[in-house]
Amino acid sequence: MLDSSTLLQSALLGLVPLLLIAYVLGVRRARPVASGRYFHCAPGYYGWYAVVWVGMPALGVYGLAKVLGGFRLYDVPAWATAAGMAVVAVLGLLYAISRITPEFRAIHAVEKTIMRVLLVCSCISVLTTIGIVLSIVFETIQFFKFVSVWEFLTGTTWDPDTAFLQGAGREDAGVSEAKFGSLPLFAGTFMITAIAMLVAMPVGLLAAIFMSEYASSFARKVSKPTLEILAGIPTVVYGYFAAVTVGPLVVQAAESLGFSAVYNNALAPGLVMGVMIIPFVSSLSDDVINAVPQSLREGSMAVGATQSETILRVVLPAAMPGIVSAFLLAVSRAVGETMIVVMAAGLHPNLTANPLESMTTVTVRIVDALIGDQEFNSPLTLSAFALGFVLLIITLVMNIISLYVVRRFKQHYE
Amino acid sequence: MSVFQTDQSLKAATRRRLAFEKYFQWCTRIAIALAAGFLVYFLFTIGGMALPAFRQGQLLVEISYTEDVLEMPNYAVPEEYEFFVSHEFLRQLPLRMQEHPELLGTTAQEWVLAAADVDQLLKGKAHRLDAEQVRLVQELAATGHTRLAPNWDFFTKGDSKIPEAAGIEAAVVGTVYVLVITLLLSFPVGVASAIYLEEFAPDNRLTQLIEVNINNLAAIPSIIYGLLGLAIFINLLGILRSSSLVGGITLALMTLPVIIISTRAAIRAVPETLRHGALALGATPWQVMWNLVLPLAMPGILTGTIIGLAHAIGETAPLLIVGMMAYIPEAPSSVLEASTVLPAQIYTWASDSQRAFGERTAAGILVLLVVLLSMNALAIYLRNRFEKRW
């Protein structure tokens, strides 16, 4: 007796020779000698037509059974699935063979199927979005059954350590109640993002100006890959570097200036994140600066402006919408960045304006809430989804605004 | 007032303007230099931290295979060197004696793995040995009883709680599994979506929705994909947590927009006239696509795919969320087993408090960077070698 998963696997494997047979039968039937008349299309298309009619229904049955089982609606027994697949495959083959006549235009039928497959593929991205939104919204609603929205958005204490008791239904165990005030987390995210943008915006923009306006072709050939390498370094590596090298450097620098700093200060991840975003900003700005028409530059030069005056007073204002959009995209990337802050920033929520202190961020707490062995329905686990929900909304709004701005900009010059 | 009277102030103004021009040019140069300088400093720092890990400290000690060793492996080495020999080596001793019974009762001089602190001392780094122990090790070193041997174990062994025995093999295997799943899922689906959206889609509401969607998906933080993987694939569909299957699916969804966007750009770059020519010869739209446009766009598509995959290799956050940071000493043998990936291994080593893991972390990073840089170099090569300018 086969167990159910092996049975299904062999059913899928068994489909392969069936498809080959279908192809061969289709091709043979469409040989011109068989009827003395020429078929409308090349024989291969009739073969593919048969394959489509064997494969599609069988895979459909398999997929249906999987979906029903996967969403726990109805458990289809494996033998029923396999039998169903076999039946529809054979029926499909008989139907396809009966359709094959010299007048039949198999190529159109085959291409129509291809188009449908392509359409289904492109819908997967929509399904991904729906999946993201549904899963996060659903868990967030669960979370707000434990914690009020108002407390979550305006509370200044994030102390979820006793949340597991709540999840276990033991709220009265005599410990202080878990607190889910997210303000300190967003303050940390904002602080580190601001530091990163202070590094990335000027450096990235000036680098883009250098590459598009000043660089010799050799300098461009060297600097472009340099920035591409920076963009290709994984964030976990940046995080390690921030924690092991930049953090202590910041502490030394602060101490030599007479300030006191902790090793997991907010400055180190901010600076390193800024470096990470430089190539992102510079390549986006490079695009928009190159999109500014040459005639504007020539006009400015013709009235006697120097190159820097042309750039600062003509090119940059013209490219401003694109640069704003680059800024927004960079911010949304910094806000969602995880590994650098997980490794280099602190874990303790801290509502402060001093970047030399340790601060934690939204993404740090999401990771922290989910990597332990937590009960899935405890408020702590669910809080990660609520934080993720806010994160998602922030990044989506920024992205949509920036897409809108950059589209207006492009229309202006096209 | 004539022009000539203002000549002096004009000259001064011009000088100012030219000085500013110079100053501004230097600002842009400094910006590039800052980025490049960071990269050089970064590579040197990581390289400097990583290189020692490729050599491993060993000791030449006398191993006595007595009856007692089967019970208490540390009796095998002279008592004063007991703490210098890696616990990993001692743990394996009884197994070795069971496999080779003829060893019983013999003694042999052997090079054995040194403990992490001895290894760090031999490399001149911080260690936790006391003065007496340091003296003993130095004595051994002076008589040629220590050496730094090439550390092949780093590539052929899995993770371990003992720093000197930890390697990246399990993580590399996990990475390969995840990557293969990501590629198998995201490449066909991504290319198919791009073909449809770029060439065949009617301009209707659904198409516009899909387009806006893809642009937004590309900007969503990767950690959100981790939440998706946890909520849908693990909790709803019941795929095993930590398995490379769930990691691969999650990363595939994340890589999809990258592949779609670059494939669309590559297809768009094929000139319309070629299509018209083929259509005029009687080819159907799909034949034009499959036999003409797709082969011409392939270098661009591959470049985009490689860059997307390189990104996926280095991705950590969503994989932590779906549990791929488990302690994995043995390489997984199927995609359904719990496994870890190289960046997650780097993360777990980096969070370990034992100092000797530091150089392993850096060495893991170096391996990761070498892989990523060669993938990017391959992408750039493909782009330059095969991409046509029309």
Side-chain angles (χ1 to χ4, degrees), chain A residues 70-71 107 111 114-115 117-119 121-122 124-126 128-129 131-132 135-136 139 203 206-207 209-210 214 223 226-230 232-237 240-241 243 245 275 278 306-309 329 332 336 338-339 343 363 366-367 370-371 376 384-385 388 391-392 395-396 399 403, chain B residues 17-18 20-21 24-25 27-29 31-32 34-36 38-39 42 45-46 189 192-193 195-197 200 209-210 213-217 219-224 227-228 230-232 235-237 253 256-257 284 286 310 314 316-317 320-321 325 343 346-347 350 361 365 368-369 372-373 376:
Chain A
F71 286 95
I107 187 169
E111 293 205 350
I114 294 174
M115 288 307 136
V117 172
L118 294 184
L119 177 61
C121 284
S122 35
I124 286 181
S125 69
V126 179
T128 310
T129 313
I132 288 177
S135 60
I136 292 182
E139 310 294 350
V203 177
L206 285 172
I209 291 172
F210 174 75
Y214 286 122
S223 49
T226 307
L227 289 176
E228 276 172 10
I229 292 175
L230 272 185
I233 295 174
T235 53
V236 65
V237 177
Y240 183 69
F241 188 69
T245 310
V275 173
I278 288 173
T306 64
Q307 209 169 352
S308 60
E309 285 162 349
L329 286 179
S332 90
T338 310
M339 288 322 289
M343 296 176 79
T363 46
I366 293 179
V367 170
L370 292 177
I371 55 177
F376 192 71
F385 285 89
L391 200 61
L392 182 67
T395 49
L396 278 189
N399 190 42
L403 280 179
Chain B
R17 287 170 60 205
L18 289 180
F20 179 77
E21 170 69 31
F24 184 73
Q25 270 201 31
C27 281
T28 65
R29 282 198 191 116
I32 278 286
L34 271 178
F38 176 88
L39 185 65
F42 164 83
T45 315
I46 295 285
V189 174
S193 320
I195 291 174
Y196 183 75
L197 292 174
F200 299 114
L209 179 77
I210 296 175
N213 225 297
I214 290 169
N215 281 326
N216 280 329
L217 277 181
I220 286 180
S222 60
I223 190 171
I224 301 279
L227 294 178
L228 168 80
L230 180 63
I232 303 274
N235 279 315
L236 197 59
L237 298 182
L253 291 182
L256 202 54
T284 62
W286 176 251
T316 323
L320 293 188
I321 303 286
M325 52 166 298
I346 289 168
Y347 171 69
T361 314
I365 286 175
L368 187 63
L369 284 181
L372 289 182
L373 284 183
N376 279 316

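So you know, we letter chains A, B, ... as the sequences are listed, proteins then strands, and number each from 1.
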Examine distances only and state if a side-chain atom of [X] and a backbone atom of [Y] form a donor-acceptor pair shorter than 3.5 Å.
X: B/S193; Y: A/C121; result: yes
X: A/N399; Y: B/A219; result: no
X: B/E21; Y: A/S308; result: yes

Counting only non-hydrogen atoms closer than 4.5 Å, does [X] touch chain B with its backbone (N, CA, C, O), its side chain (CB onward), both, or neither?
X: A/M115; answer: both
X: A/L392; answer: both
X: A/V275; answer: side chain
X: A/Q307; answer: both
X: A/T395; answer: side chain
X: A/L119; answer: both
X: A/T363; answer: both
X: A/I132; answer: both

Going by the rule side-chain hydrogen bond (donor to acceptor under 3.5 Å, both in side chains), which residues pair with B/T45 if we only count those two or more places apart in sequence or in a different chain?
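B/T45: no side-chain hydrogen bond (donor to acceptor under 3.5 Å, both in side chains) contacts found.
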In terms of heavy-atom pairs under 4.5 Å, which option from [options] contacts chain B the most?
options: A/V117, A/I107, A/L227; answer: A/I107
options: A/I209, A/V237, A/I124; answer: A/V237
options: A/T245, A/T129, A/V367; answer: A/T129
options: A/L329, A/I278, A/I229; answer: A/I229
options: A/A243, A/A384, A/S135; answer: A/S135

Which heavy atom of A/G388 sits nearest a heavy atom of A/I136, and at what distance?
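In terms of heavy atoms, the two residues are closest at C-CG2, 4.3 Å.
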Shortest non-hydrogen contact from B/Y196 to A/S122?
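Result for this residue pair: CD2-OG, 3.4 Å.
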Which of [options] touches chain A most, by non-hydrogen pairs under 4.5 Å:
options: B/I220, B/L39, B/I214; result: B/L39
options: B/L320, B/T361, B/N213; result: B/N213
options: B/M325, B/Q25, B/R29; result: B/Q25
options: B/L18, B/I224, B/L209, B/I195; result: B/I224
options: B/G314, B/A31, B/A35; result: B/A31
options: B/I232, B/N216, B/L197; result: B/N216

Show the numbers, then the answer: is there a side chain to side chain contact (heavy atoms under 4.5 Å, CB included) between A/L370 and B/L230?
CA-CA 9 Å; A/L370 292 177; B/L230 180 63; 3.7 Å; yes
Is chain A contacted by the side chain of [X], its backbone, both, or neither, given a heavy-atom distance below 4.5 Å?
X: B/A36; answer: both
X: B/L227; answer: both
X: B/L372; answer: side chain
X: B/L373; answer: side chain
X: B/F38; answer: side chain
X: B/I210; answer: both

Measuring from atom CG of A/L206 to atom CG of B/L34, what distance do you get when rounded to the nearest 0.5 angstrom?
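Separation between the atoms: 9.5 Å.
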Indicate the ring-plane relationship of B/F200 and B/W286, choosing parallel, tilted or perpendicular according to the 30° and 60° boundaries.
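Judged by the thresholds at 30° and 60°, the geometry between B/F200 and B/W286 is tilted.
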Salt bridge (charged side-chain N to carboxylate O under 4.0 Å, His left out) against A/E309, all qualifying residues, sequence neighbours excluded:
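Salt bridge (charged side-chain N to carboxylate O under 4.0 Å, His left out) check on A/E309 returns B/R17.
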Can you check whether [X] reaches [Y] side chain to side chain, under 4.5 Å on heavy atoms?
X: B/N376; Y: A/E228; value: no
X: A/T306; Y: B/F20; value: no
X: A/L391; Y: A/I366; value: yes

Is the gap between the ring centers of B/F24 and A/F210 under 6.0 Å?
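B/F24 vs A/F210: aromatic centres not under 6.0 Å.
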Looking at A/V236, A/T235, A/T338, which one forms a side-chain contact (heavy atoms from CB on, under 4.5 Å) with A/M343?
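Of the listed options, the one satisfying the test is A/V236.
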